[in-house]
Amino acid sequence: MTAPARTLTAAEVADALAPTGPYRAVFDASLDGIYSFDLEGRCRYVNPAAERLFGYPAAELLGQNMHELLHATHEDGNPYPYHECPMGVAIATAGSGTAPTSAESGFWRADGTYLNADWRIQQVFVDGEVVGAVVKFAVVEPAPSEDDLGRALAANTDGFVGTEADGTVTAWNAAAEEALGWTAKEMLGRSFLDLLVVDGTRPDLRGPLAELVSRDGADFPLVVKDMRVMRRDGTEAELEASIARVPWAGGSRFHTFLRDVSALRRAESSLARSEAMYRLLVAASRDVISRHTPSGDMSFVSPAVEELFGWTPGDLIGRNLAHLVHPQDIDDLFVEVLGGDGGSGGEWTFRVQHREGHWVWVESTSTVIRDDRGRVSEVLVCSRDITARRAREAASQQDSKLESLGRLSAGLAHEINTPIQYVGDNARFLSEAFTDLMGLVALYRQTLTAETAVPWSERLPAMQAAERDMEIDYLESEVPSAITQTLAGIDRVATIVRAMKTFSHPGHDEHVPADLNEALTATVTVTRHQVHQVADLELDLGELPPVRCNIAELNQVFLNLIVNAADAIEETGRHGLIRVATRVDGADVLISVSDTGGGIPEHIRAKVFDPFFTTKEVGRGTGQGLPLARSVVTDGHGGTLSLDTEPGVGTTLTIRLPIAGAASSSDGGPDTEGGA
């Protein structure tokens with residue numbers, strides 16, 4: 001009993017008509033057009049050559065009825081019935097055998113032109129059942145004459161070698177002669193394999209060539225990627241060869257096209273070494289190197305991420321960087337580091353969450369890669385852990401503050417000591433004067449009492465003598481003066497204390513509106529002793545609105561600039577002038593500190609903002625004043641600190657601060673920092 005025929009699934013039909021694996025590669029590489037179709041005439045596969053010849057992309061052919069699209073009419077416009085089309089014939093004769101059907105007809109291209117072609121159609125069977133057909137075709141063109149062929153081969157930039165089936169050379173063009181050094185006269189009639197091919201590679205070639213000779217219907221050329229050939233000068237050349245069998249006088253010959261790929265292979269080898277070196281450097285780097293999509297998804301992370309942040313590369317591939325970044329840093333990170341479609345990369349400092357949960361400070365440099373249309377295709381980011389460095393910077397900043405406060409304290413002690421000294425002297429004088437006056441009062445009381453035995457005529461001379469002994473006229477003039485001086489001294493001390501209170505405004509992270517003129521006045525007051533010995537200090541304060549800032553940090557900046565100005569003047573050996581001025585400039589305020597010191601020489605101007613750079617003698621400066629001032633102004637307040645100097649004339653440092661505060665345009669308030 002015969003089993004009923006099994007019904008094929010759509011997937012089985014699709015697999016049968018769409019080549020896979022090495023067959024797909026062979027079909028895709030064919031110079032002839034190839035496509036397949038099912039029993040309903042719908043295209044199931046089309047190779048690149050067919051796409052080029054038809055003028056249609058594969059997406060517009062797959063699933064379409066090929067007869068209706070390409071063969072609906074003859075060239076003269078008459079209908080082309082399906083039963084006359086080779087496609088229809090292939091299906092109609094399915095039961096008559098599996099031999100391929102050949103024909104010559106035409107097809108309509110996408111641009112409306114009509115081309116004649118040789119067709120070869122083969123039915124496709126699965127379990128004895130026809131499921132469709134494969135069509136191979138080539139455009140019919142007038143055969144070139146021998147002269148045309150000779151001229152074409154002579155002009156070809158690839159080397160051309162014609163050989164008999166046994167390898168004897170029958171043709172050798174100029175490109176082959178130039179590439180290998182052998183002339184056509186030297187090569188014709190000689191064995192190509194025995195003469196030129198390097199000994200070790202001959203066996204690898206003889207097998208495929210023998211197969212090419214014996215193959216039925218040798219439609220596809222043999223491609224040899226790495227053929228090593230000996231040049232006439234004894235050097236080796238690495239060639240890529242395409243060998244095709246062509247009919248000749250009842251037999252076959254081989255046409256071989258040679259291309260020298262020695263330079264290409266060297267370049268590939270160099271590229272491979274370079275890539276290996278790149279991978280080695282990435283793997284060995286202590287910085288974390290990562291690749292991101294424009295939206296921030298990670299496609300690669302170097303191994304250093306585990307040591308720095310506790311995550312393995314596998315933990316992070318496919319995750320978005322935003323998931324690890326501190327919420328306060330996300331907006332700035334995506335603008336400055338990832339950049340988006342309009343970004344260009346840059347540098348930024350932000351916090352990344354360690355796998356154990358704590359935050360790690362990171363400094364990153366990003367590079368934006370764009371496609372040929374200018375759109376961001378990828379972002380490369382190099383990140384390093386700067387948590388320890390930030391701690392050192394904080395300690396250094398504290399040292400700088402302590403240095404400034406140390407110098408400030410000595411000056412304040414002198415400023416307070418002077419008024420306190422004459423307040424004390426006057427107080428002692430007033431105490432002595434008070435004792436004397438109270439003695440005089442006691443004499444008056446004793447003399448004027450009614451019970452005394454001294455006659456009235458003697459009492460007045462006694463009191464006058466006592467007043468002369470006490471120098472009452474001197475006390476009458478000096479006591480008021482001592483009181484006035486004492487009150488002035490007390491006022492001076494009170495002024496200094498108020499200035500110290502303003503200057504030492506308690507630090508906090510929040511930026512709040514502050515009076516910069518008041519802060520500058522207080523700073524000038526507490527630095528007066530350091531300044532007045534070397535320079536006069538002039539204030540030119542314009543009318544300023546409240547500025548959103550951290551006033552404690554800015555007070556430290558003002559102090560550093562004024563002290564630096566005094567030091568610059570002191571180095572000249574002459575008394576100078578320091579001028580502090582403020583004014584409004586649009587949405588900003590400008591604070592300038594000018595001195596009449598010696599200016600800054602050209603060769604060190606670029607270094608004055610470098611950490612630890614100083615021209616002062618050992619013990620007088622740490623080289624941190626100006627770098628920290630710039631950091632406070634630029635990083636902390638979104639402003640600028642600029643330098644204008646002229647040797648022999650002086651220097652002006654100008655601070656520009658936004659009145660509304662840092663980052664006001666993006667988030668309506670200043671930047672704040674959370675705990676790391």
Exercise. Looking at residues at least two apart in the chain, or sitting in another chain, which of them share a salt bridge (Lys or Arg N to Asp or Glu O under 4.0 Å) with Asp385?
Worked result: none

Exercise. Do you know which two heavy atoms are closest between Pro647 and Ile600, and how far apart they sit?
Worked result: CG-O, 4.0 Å

Exercise. When rounded to the nearest 0.5 angstrom, what distance separates CD in Gln533 from CD in Glu570?
Worked result: 8.0 Å

Seminar exercise, completed: Contacts of Arg428 meeting salt bridge (Lys or Arg N to Asp or Glu O under 4.0 Å) (sequence neighbours excluded), chain-then-number -> Asp425

Problem set entry | Test side chain to side chain contact (heavy atoms under 4.5 Å, CB included) applied to Thr634 - qualifying residues, sequence neighbours left out | Arg630

Problem set entry | 4.5 Å side-chain heavy-atom contact, Phe429 and Val479 | yes

Problem set entry | side chain to side chain contact (heavy atoms under 4.5 Å, CB included) involving Asp588 - partner list, sequence neighbours excluded | Arg656, Pro658

Seminar exercise, completed: Residues at least two apart in sequence or cross-chain that pass side chain to side chain contact (heavy atoms under 4.5 Å, CB included) with Thr582, listed by chain then number, are Asn517, Leu520, Leu541, Leu544, Ile591

For this session: Give a yes or no on whether the backbone of Gly661 and the side-chain of His511 come within a donor-acceptor separation of less than 3.5 Å.
Result: no

Problem set entry | salt bridge (Lys or Arg N to Asp or Glu O under 4.0 Å) partners of Glu307, counting only residues at least two apart | Arg286

Problem set entry | Pairing residues for Arg355 by the side chain to side chain contact (heavy atoms under 4.5 Å, CB included) criterion, not counting sequence neighbours | Trp311, Thr312, Asp315

For this session: Taking salt bridge (Lys or Arg N to Asp or Glu O under 4.0 Å) as the test, write out the residues that go with Asp540, two or more places apart.
Result: Arg579

Exercise. Where do Asn555 and Ala519 come nearest, in terms of heavy atoms and distance?
Worked result: OD1-CB, 3.2 Å

For this session: Grab the two heavy atoms, one from Asp287 and one from Ser302, that are nearest each other, plus how far apart they are.
Result: O-OG, 3.7 Å

Exercise. Leu657 versus Leu516: any side-chain heavy-atom pair under 4.5 Å?
Worked result: yes

Problem set entry | Val362 and Arg351: CA distance, side-chain angles, deciding distance, side-chain contact (heavy atoms from CB on, under 4.5 Å) verdict | CA-CA 6 Å; Val362 170; Arg351 285 159 287 184; over 6 Å; no

For this session: Please step through side-chain contact (heavy atoms from CB on, under 4.5 Å) for the pair Thr645 and Thr652, ending with a clear verdict.
Result: CA-CA 6 Å; Thr645 184; Thr652 298; over 6 Å; no

Exercise. Do Thr640 and Ser642 have side-chain N/O donor and acceptor atoms under 3.5 Å apart?
Worked result: no

Exercise. What pairs with Ser592 under side-chain hydrogen bond (donor to acceptor under 3.5 Å, both in side chains), at least two apart in sequence or on another chain?
Worked result: none

Problem set entry | His354 side chain vs Glu356 backbone, donor-acceptor pair below 3.5 Å | yes

Problem set entry | Pairwise distance CH2(Trp359) to NE2(His326) - rounded to 0.5 angstrom | 5.5 Å

For this session: State, yes or no, whether a side-chain contact exists between Val589 and Asp585 at a heavy-atom distance under 4.5 Å.
Result: no

For this session: Not counting sequence neighbours, which residues clear side-chain hydrogen bond (donor to acceptor under 3.5 Å, both in side chains) with Arg583? List them please.
Result: none

Exercise. Is Glu538 close to Leu577 at the side-chain level, that is, under 4.5 Å between some pair of heavy atoms?
Worked result: yes

Exercise. Considering residues at least two apart in sequence or located in another chain, which fulfil the side-chain hydrogen bond (donor to acceptor under 3.5 Å, both in side chains) criterion with Gln353?
Worked result: none

Exercise. Out of curiosity, Asn426 CG to Glu478 CD, how far, rounded to the nearest 0.5 Å?
Worked result: 9.5 Å

Exercise. Any side-chain heavy-atom pair from Thr435 and Glu432 closer than 4.5 angstrom?
Worked result: no

For this session: Drop me the distance from Thr651's OG1 to Asp644's CG, to the nearest 0.5 angstrom.
Result: 8.0 Å

Exercise. Roughly how far apart are Leu321 CG and Leu316 CG, rounded to 0.5 Å?
Worked result: 9.0 Å

Problem set entry | Minimum heavy-atom distance Ile659-Pro545, with the two atoms named | CD1-CG, 3.9 Å

For this session: Over all heavy atoms of both residues, which pair between Arg291 and Leu380 is shortest? Give the atoms and the distance, please.
Result: CG-CD2, 3.3 Å

For this session: Kindly indicate whether the side chain of Phe558, heavy atoms from C-beta on, has any atom under 4.5 Å from the side chain of Ile655.
Result: yes

Problem set entry | Non-hydrogen side-chain atoms of Ile369 and Val376 separated by less than 4.5 Å | no

Exercise. Taking atom types as modelled and ignoring hydrogens, do the side chains of His292 and Asp297 form a donor-acceptor contact shorter than 3.5 angstrom?
Worked result: no

Exercise. Where is the tightest heavy-atom contact between Ala566 and Val534, given as atom of each residue plus distance?
Worked result: O-CG2, 3.7 Å

For this session: Return the set of residues passing side-chain hydrogen bond (donor to acceptor under 3.5 Å, both in side chains) with Thr596 (not counting sequence neighbours), or none when no residue passes.
Result: none

Exercise. Taking the side chain as C-beta and beyond, is there a heavy-atom pair between Val360 and Leu308 under 4.5 Å?
Worked result: no

Exercise. So, Asp515 side chain and Glu518 main chain: donor-acceptor pair closer than 3.5 Å or not?
Worked result: yes

Exercise. Once you round to the nearest 0.5 Å, how far does NE2 of His637 lie from OG of Ser631?
Worked result: 10.5 Å

For this session: Evaluate side-chain contact (heavy atoms from CB on, under 4.5 Å) for Ile578 paired with Val593, printing each intermediate quantity in order.
Result: CA-CA 7 Å; Ile578 298 175; Val593 178; 4.3 Å; yes

